[in-house]
Chemist: 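So that we are looking at the same thing, I have put the structure below in structure tokens.
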Amino acid sequence: MVGKQNSRSYREFDDDDVDEDNRLSSDYFDDDIEELERDEAKSSISQDDVIRVISPPMRFSRTCLKNVFTVVLIFVYLLLTAVAIFLAYQTISDFLEKLNQPVMSVTYKEVDSFSPPGIALYPGRAQLLSCKHHYHDYIPPLVDPGKPQEGDCEIIHVSYFGPFSNQTEKRALVVRGPSDVRNKELIFMQFSHNETEEDFSAITYMLFAKFSDLTASANKSEFMRDCESNYSMWTFSGGFRTWVKMSLVKTSGKRNEAVEFRQESAVVKFNDKRPETEKTNQLFFAVFEWRDPYMQEIRLIVTANPWSSIAILCGVFMALFKAANFAKLSIQWIIRMRKRHLRNKTKEMNQIS
């Protein structure tokens with residue numbers, strides 16, 4: 001009986017030990033499996049964390065490059081805007097300078113005849129001896145120089161007070177000038193002056209545009225005053241023959257037209273063959289002729305074209321508008337990308353926590 005009990009109890013003990021061992025081994029493997037799962041979970045979490053940690057800097061660097069590139073573009077467009085503003089300023093300055101400083105355009109117009117000019121002479125105490133028209137540059141030899149001779153000139157005597165000295169009365173002898181330039185019409189005049197006490201003696205003369213303006217004027221004295229204030233005065237000396245060749249210059253300005261005479265004069269000595277008793281009267285000789293059949297016309301031309309300047313300014317302002325619009329859109333894009341980056345960073349921080 002004792003042996004049976006012992007055997008039974010041994011088997012029971014063995015069964016209990018086996019069950020306990022089995023239970024311990026199962027618990028041990030369960031713990032190992034759970035630990036392996038936790039390790040796998042940790043490894044998976046660490047890989048995710050690595051991906052999360054690695055990916056934001058890559059996105060951040062790409063965004064940073066885009067922002068830097070955009071800022072560079074903005075600076076480039078600001079530079080172009082500054083250049084456009086400078087071009088606009090330079091265009092306006094050039095337009096105003098050309099507007100205030102017109103260019104002179106010179107043309108020559110060929111004519112068969114000129115309007116007879118007015119030759120105003122101020123002989124003073126000198127006496128007009130003769131005034132004749134000749135043609136083809138031919139002046140016949142003098143006959144009885146120093147004595148009055150017949151003439152064929154149209155002459156008007158005018159007395160007036162000078163524009164610069166109101167108390168001095170002037171006496172002008174106005175002669176109708178030559179007009180036929182093709183046949184080389186000229187006027188030959190001679191004067192005598194009996195005053196020999198002076199060291200130098202000369203006769204002053206003035207040229208104005210049209211002799212007909214004097215004949216048509218109601219107040220000839222006032223007309224001569226205006227001519228003297230607008231035209232130049234010249235002189236020719238005694239004892240010589242002064243050959244005056246005239247040329248006409250018309251200047252068209254912004255408001256009115258001006259007429260100016262230019263002249264080339266040549267002086268030839270007079271060989272006085274009179275007796276000594278007659279040489280006390282000093283003789284003056286003057287020849288007036290047109291130089292050539294060309295009338296010089298000067299026009300003031302404003303080279304500033306308002307339409308071209310307006311077109312340039314429109315292009316400049318369009319460039320400025322485009323640059324400003326691009327800068328605005330670039331700044332808005334930078335702000336939007338910055339907000340997106342901050343929002344993504346906040347989400348990642350929330351997921352990690």
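Quick note: residue numbers are just sequence positions, from 1.
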Chemist: Answer yes or no: is there a donor N or O on one side and an acceptor on the other, between the side chain of Ser105 and the main chain of Arg299, under 3.5 Å?
Modeler: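 Checking the backbone N and O of Arg299 against the side chain of Ser105, no donor-acceptor pair under 3.5 Å is found.
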
Chemist: With side chains defined as the heavy atoms from C-beta onward, is the minimum distance between Glu228 and Lys170 less than 4.5 Å?
Modeler: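 Glu228 vs Lys170: side chains touch.
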
Chemist: Are Val181 and Tyr294 grouped together when hydrophobic residues (ILVMFWY) are joined by side-chain heavy atoms under 4.5 angstrom apart?
Modeler: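 Cluster IDs for Val181 and Tyr294 differ.
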
Chemist: Over all heavy atoms of both residues, which pair between Leu283 and Ser192 is shortest? Give the atoms and the distance, please.
Modeler: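 Result for this residue pair: CD2-CB, 3.8 Å.
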
Chemist: Is there a side chain to side chain contact (heavy atoms under 4.5 Å, CB included) between Leu207 and Tyr231 once you walk through the steps?
Modeler: CA-CA 7 Å; Leu207 302 174; Tyr231 292 95; over 6 Å; no

Chemist: Do any side-chain atoms of residues 127-141 form donor-acceptor pairs under 3.5 angstrom with protein atoms, and if so which ones, sequence neighbours left out?
Modeler:
residue	atom	partner	partner atom	Å
Ser130	OG	Gln190	NE2	2.9
His133	ND1	Glu185	OE2	2.8

Chemist: Which heavy atom of Pro116 sits nearest to which heavy atom of Gly177, and what is that distance?
Modeler: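 Answer, listing the atom of Pro116 first, then Gly177: CB-O, 3.6 Å.
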
Chemist: Which atoms form the tightest heavy-atom contact between Ile203 and Pro123, and what is the distance?
Modeler: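 Result for this residue pair: CG2-CA, 4.0 Å.
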
Chemist: Do Trp290 and Pro117 come close enough that some side-chain heavy atom pair is under 4.5 Å?
Modeler: yes

Chemist: When you check the gap from the basic side-chain N to the acidic O, do Glu276 and Lys279 get nearer than 4.0 Å?
Modeler: yes

Chemist: Under 6.0 Å from the NZ atom of Lys220, do we count more than 12 heavy atoms belonging to anything else shown?
Modeler: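 Yes, NZ of Lys220 has more than 12 neighbouring heavy atoms, counting only those of other groups under 6.0 Å.
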
Chemist: Please report the interatomic distance NZ(Lys147) to CG(Leu142), rounded to the nearest 0.5 Å.
Modeler: 13.0 Å

Chemist: Any side-chain to backbone donor/acceptor pair from Asn219 onto Glu222? Under 3.5 Å, distance only.
Modeler: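 Looks like yes, one N/O pair under 3.5 Å.
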
Chemist: I want to check something: taking the side chain as every heavy atom from C-beta on, are Phe236 and Val244 in contact at a cut-off of under 4.5 Å?
Modeler: no

Chemist: Any idea how His193 and Phe284 line up, ring-wise: parallel (<30°), tilted (30 to 60°), or perpendicular (>60°)?
Modeler: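 Because their plane-to-plane angle lies in the 30° to 60° range, the rings of His193 and Phe284 count as tilted.
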
Chemist: Is there a side-chain contact between Arg262 and Gln296, using heavy atoms and a 4.5 Å cut-off?
Modeler: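 Side-chain contact under 4.5 Å: yes.
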
Chemist: If you group Ile, Leu, Val, Met, Phe, Trp and Tyr by side-chain heavy-atom gaps below 4.5 Å, do Val287 and Phe261 land in one group?
Modeler: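 Hydrophobic grouping puts Val287 apart from Phe261.
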
Chemist: Given the rule that I, L, V, M, F, W and Y join up when any side-chain heavy atoms are under 4.5 Å apart, are Leu186 and Trp234 in one cluster?
Modeler: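 No; tracing contacts between hydrophobic side chains, which count when under 4.5 Å, never links both residues.
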
Chemist: With a 4.5 Å cut-off on side-chain heavy atoms, are Asn230 and Phe208 touching?
Modeler: no

Chemist: Contact between Leu248 and Met246 at the side-chain level, heavy atoms closer than 4.5 Å - yes or no?
Modeler: no

Chemist: Answer yes if Val268 and Ile187 sit in the same cluster of Ile, Leu, Val, Met, Phe, Trp and Tyr residues linked by side chain heavy atoms under 4.5 Å apart, and no otherwise.
Modeler: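 Different clusters: Val268 never reaches Ile187 through Ile, Leu, Val, Met, Phe, Trp or Tyr contacts under 4.5 Å.
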
Chemist: Between Tyr205 and Phe114, is there a shared hydrophobic cluster once you connect ILVMFWY residues whose side-chain heavy atoms come closer than 4.5 Å?
Modeler: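 Same hydrophobic cluster.
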
Chemist: Got Ser237 and Val267 here, is their nearest side-chain heavy-atom distance under 4.5 Å?
Modeler: no

Chemist: Would you confirm whether Arg225, through its side chain, and Phe161, through its main-chain N or O, come within 3.5 Å as a donor-acceptor pair?
Modeler: yes

Chemist: Kindly indicate whether the side chain of Phe223, heavy atoms from C-beta on, has any atom under 4.5 Å from the side chain of Asp213.
Modeler: yes

Chemist: Using the rule given for side chain to side chain contact (heavy atoms under 4.5 Å, CB included), can you reason through Met206 versus Thr204, listing the C-alpha separation, both sets of side-chain angles and the distance that settles it, and then say yes or no?
Modeler: CA-CA 7 Å; Met206 176 183 65; Thr204 304; over 6 Å; no

Chemist: Using 30° and 60° as the class limits, which term best fits the ring planes of Phe270 and Phe285: parallel, tilted or perpendicular?
Modeler: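 Answer is tilted, since the angle falls between 30° and 60°.
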
Chemist: Hey, could you give me the OH/CZ distance between Tyr122 and Arg171, rounded to the nearest 0.5 Å?
Modeler: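 Tyr122 OH to Arg171 CZ: 13.0 Å, rounded to 0.5 Å.
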
